[in-house]
Amino acid sequence: MKKLDWFIARRYLASRKQGRFLSFITWIALGGITVGVTALILVIGVMNGMQEELRDKILGSTPHILVLQHGTSLRMDDWRSVLGTVREMDRTLGASPFVLTQVATGRDDYAQSADLYGVSADAAETSGAAVTDMEASIQSGLYSLEGTESGLPPLLVGSRLAERLQVFRGDTLVLYSLENIRMDPFGNPSPAIRQYEVTGTFTTGMYDYDIRNMYAPLEAVQNLLGIEEEDQVSGIGVRVDDAWAATEVGNTIRRELGSPYYVESWITTNQSLFSALRLEKLVMGLILFLIIVVAAFNIVSTLVMVVVDRTSEIGILKSMGMSDRQVLRVFMLQGLWIGMIGTVLGTLFGSLGAWILHRYEVIPIPPDVYFIDRLPVSLHPLEVLMIMTLSILVAFAATIYPALQASRLQPVEAIRHE
């Protein structure tokens with residue numbers, strides 16, 4: 001009997017000389033489901049890719065956790081004991097001191113502020129793994145912060161900043177500290193000034209980092225700020241075994257260290273950015289899901305027209321012994337066929353489109369607006385499965401009303417319809 005139900009369902013969806021329009025609106029309903037699923041998969045993939053790309057770029061230059069000391073300035077006194085305590089804690093993979101300050105620099109008539117990071121170039125001076133990918137690249141020798149022939153401290157400059165300043169490897173760059181500005185005998189502000197030799201440029205793929213960040217040895221930045229003799233740093237950077245557990249591990253570190261120390265995780269620092277991305281992903285998903293709902297209305301109209309067009313045939317089938325349940329199943333199979341085929345096609349097209357966007361980077365985006373220079377795509381199997389399930393459920397729900405109407409037709413009235 002099930003084979004008979006499926007045979008009749010296929011026949012009712014097919015065109016015939018007197019009813020080609022039925023076949024046409026069937027294809028419209030099928031196309032609506034396909035387009036809706038394709039668009040939904042592509043948009044969800046792009047939003048996932050944006051989140052993951054931003055996370056990777058941020059963690060490439062930002063430690064999972066920052067351990068800082070309360071005070072009017074970004075200073076930590078007894079940092080070596082803090083480093084030893086953090087190193088011994090569970091889930092900590094690495095920890096190292098850093099110095100962070102804002103400086104001004106320029107060439108000719110152009111000047112710009114930048115963030116200068118003082119980091120350890122020697123892996124032996126850090127505890128465990130490097131806390132960022134950038135520090136790992138420096139310690140492995142990919143980027144050089146070794147001694148220079150001129151005797152000046154080495155300096156790594158972001159690629160976009162170097163391009164804007166027109167500096168190259170071997171050039172000398174003057175940095176003006178914006179933090180420890182003193183007054184000269186005449187009452188004029190006198191910032192600390194140091195010369196550095198550019199030993200290379202780096203590219204993170206994150207526009208804000210490549211246009212602002214510079215790296216120098218820890219001791220050189222301490223000397224610029226006048227905190228070398230006091231052996232002070234800005235804080236301790238920490239890398240943990242799970243980036244998403246940074247807040248939890250950070251709270252444990254804070255409780256262990258106590259006052260006057262506090263912690264900041266990368267999740268807290270970038271919370272507003274990722275919250276906006278999650279909200280945008282949710283809203284876009286709901287809007288595009290409406291395309292599938294609209295396609296479901298097309299399924300309803302298709303089946304209603306099939307019921308009207310095939311009323312007499314339904315009456316004949318019921319008079320020959322077909323039950324109400326079988327008639328109900330015939331029309332539900334039609335809707336399910338449209339929903340399942342449309343969902344499968346939409347999944348294939350969406351996955352193919354996502355692969356093309358990821359492989360060939362066909363849509364470049366301005367990095368100064370979106371932080372990244374290409375459109376990333378990442379599909380999660382569970383999300384694709386959820387989209388497919390919802391699409392099929394919506395298509396199935398659309399069959400209920402017309403299928404019930406068909407199953408309630410009385411044989412005599414249906415035959416006399418014509």
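Atom CD1 of residue Ile41 and atom OG1 of residue Thr347 lie 4.0 Å apart, to the nearest 0.5 angstrom. Taken from CE in Met386 to CD1 in Ile44, the straight-line distance is 7.0 Å, to the nearest 0.5 Å. Rounding to the nearest 0.5 angstrom, the gap separating the NZ atom in Lys57 from the CG atom in Asp133 is 10.0 Å. Rounded to the nearest 0.5 Å, atoms NE2 (His70) and CE (Met76) are 10.5 Å apart. In this structure, the separation between OG1 on Thr269 and CD1 on Ile58 is 9.0 Å, given to the nearest 0.5 Å. The structure places OG of Ser234 at 7.0 Å from CG of Leu225, a figure rounded to the nearest 0.5 Å.
Between the side chain of Thr92 and the backbone N or O of Glu88, no donor-acceptor pair lies under 3.5 Å. Between the Thr132 side chain and the Ser61 main chain, no donor and acceptor come within less than 3.5 Å of each other. Of the possible donor and acceptor atoms, none in the side chain of Thr203 sits under 3.5 Å from a partner among the backbone N and O of Ser159. The main-chain N or O of Gly339 is found under 3.5 Å from a side-chain atom of Thr343 such that the two form a donor-acceptor pair. Side-chain N or O atoms of Gln112 include one that pairs as donor or acceptor with a backbone N or O of Ile211 at under 3.5 Å. Between the side chain of Trp266 and the backbone N or O of Ala243 there is at least one donor-acceptor pair closer than 3.5 Å. With hydrogens and angles disregarded, no donor-acceptor distance shorter than 3.5 Å links the side chain of Ser113 to the backbone of Ala104. With Gln69 contributing its side chain and Asp77 its backbone, the two residues share a donor-acceptor pair below 3.5 Å. Within the 3.5 Å criterion, the main-chain N or O of Gln232 finds a donor-acceptor partner in the side chain of Gln222. In this structure a side-chain-to-backbone donor-acceptor pair under 3.5 Å is present from Ser140 to Ser137.
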Criterion side-chain contact (heavy atoms from CB on, under 4.5 Å) on Asp90 and Thr252, from CA distance to verdict
CA-CA 9 Å; Asp90 294 337; Thr252 303; over 6 Å; no
List the steps and the verdict of side-chain contact (heavy atoms from CB on, under 4.5 Å) for Leu155 and Met214.
CA-CA 7 Å; Leu155 181 71; Met214 297 190 295; 4.0 Å; yes
Evaluate side-chain contact (heavy atoms from CB on, under 4.5 Å) for Val221 paired with Tyr117, printing each intermediate quantity in order.
CA-CA 7 Å; Val221 183; Tyr117 289 85; over 6 Å; no
Check the pair Gln102, Asp115 against side-chain contact (heavy atoms from CB on, under 4.5 Å), reporting the backbone distance first and the verdict last.
CA-CA 5 Å; Gln102 278 201 332; Asp115 294 329; 3.5 Å; yes
Yes or no on side-chain hydrogen bond (donor to acceptor under 3.5 Å, both in side chains) for Glu256 and Thr85, after CA distance, side-chain angles and deciding distance?
CA-CA 8 Å; Glu256 180 70 21; Thr85 302; over 6 Å; no
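The closest side-chain heavy-atom distance from Pro63 to Val238 is not below 4.5 Å. Residues Val67 and Arg254 fail the side-chain proximity criterion, which asks for heavy atoms closer than 4.5 Å. Side-chain contact check for Asn270 versus Arg55: every heavy-atom pair is 4.5 Å or farther apart. Contact annotation: the side chain of Arg80 approaches that of Asp231 to within less than 4.5 Å [non-hydrogen atoms, C-beta and beyond]. The side-chain heavy atoms of Thr62 and Tyr209, taken from C-beta on, include a pair separated by under 4.5 Å. You'll find the side chain of Arg212 stays beyond 4.5 Å of the side chain of Met206, heavy atoms only. Side-chain atoms of Glu228 and Asn223, non-hydrogen and from C-beta on, do get closer than 4.5 Å to each other. The shortest side-chain heavy-atom distance between Leu156 and Met134 falls under the 4.5 Å cut-off.
Counting non-hydrogen atoms of neighbouring residues, nucleotides and ligands closer than 6.0 angstrom, the CZ atom of Phe349 reaches no more than 12 such neighbours. In this structure, Met340 places its CE atom where only 12 or fewer heavy-atom neighbours from other residues, nucleotides or ligands lie under 6.0 Å away. Within a 6.0 Å sphere centred on CG of Leu286, other residues, nucleotides and ligands contribute more than 12 heavy atoms. Heavy-atom neighbours of Glu163 CD from other residues, nucleotides or ligands within 6.0 Å: at or below the threshold of 12. Few gaps surround CD on Gln166; more than 12 heavy atoms of other groups in view lie less than 6.0 Å from it.
The minimum heavy-atom distance between Val37 and Ser391, with the atom names listed, is CG2-OG, 3.5 Å. Heavy-atom minimum distance, Gly342 versus Ile33: C-CG2, 3.5 Å. Across every non-hydrogen atom of Tyr196 and Pro154, the tightest pair is CD2-O, 4.0 Å. In terms of heavy atoms, Ile236 sits closest to Pro97 at CD1-CA, 3.9 Å. Taking all atoms of both residues into account, the shortest heavy-atom contact from Asn251 to Val263 is N-CG2, 4.4 Å. Contact detail for Gly200 and Arg169: the closest heavy-atom pair is N-CG, 4.4 Å.
Among pairs with a residue in residues 376-386, those fulfilling side-chain hydrogen bond (donor to acceptor under 3.5 Å, both in side chains) read Asn48-Glu383, Glu52-Ser378, Glu52-His380, Lys281-Glu383, at least two apart in sequence or across chains.
Checked against the 6.0 Å centroid criterion, the rings of Phe202 and Tyr215 qualify as a close aromatic pair.
Phe289 pairs by the ring pair (Phe, Tyr, Trp, His ring centres under 6.0 Å) definition with nothing, not counting sequence neighbours.
One side chain, Ser265 or Thr247, offers a donor N or O that lies under 3.5 Å from an acceptor on the other.
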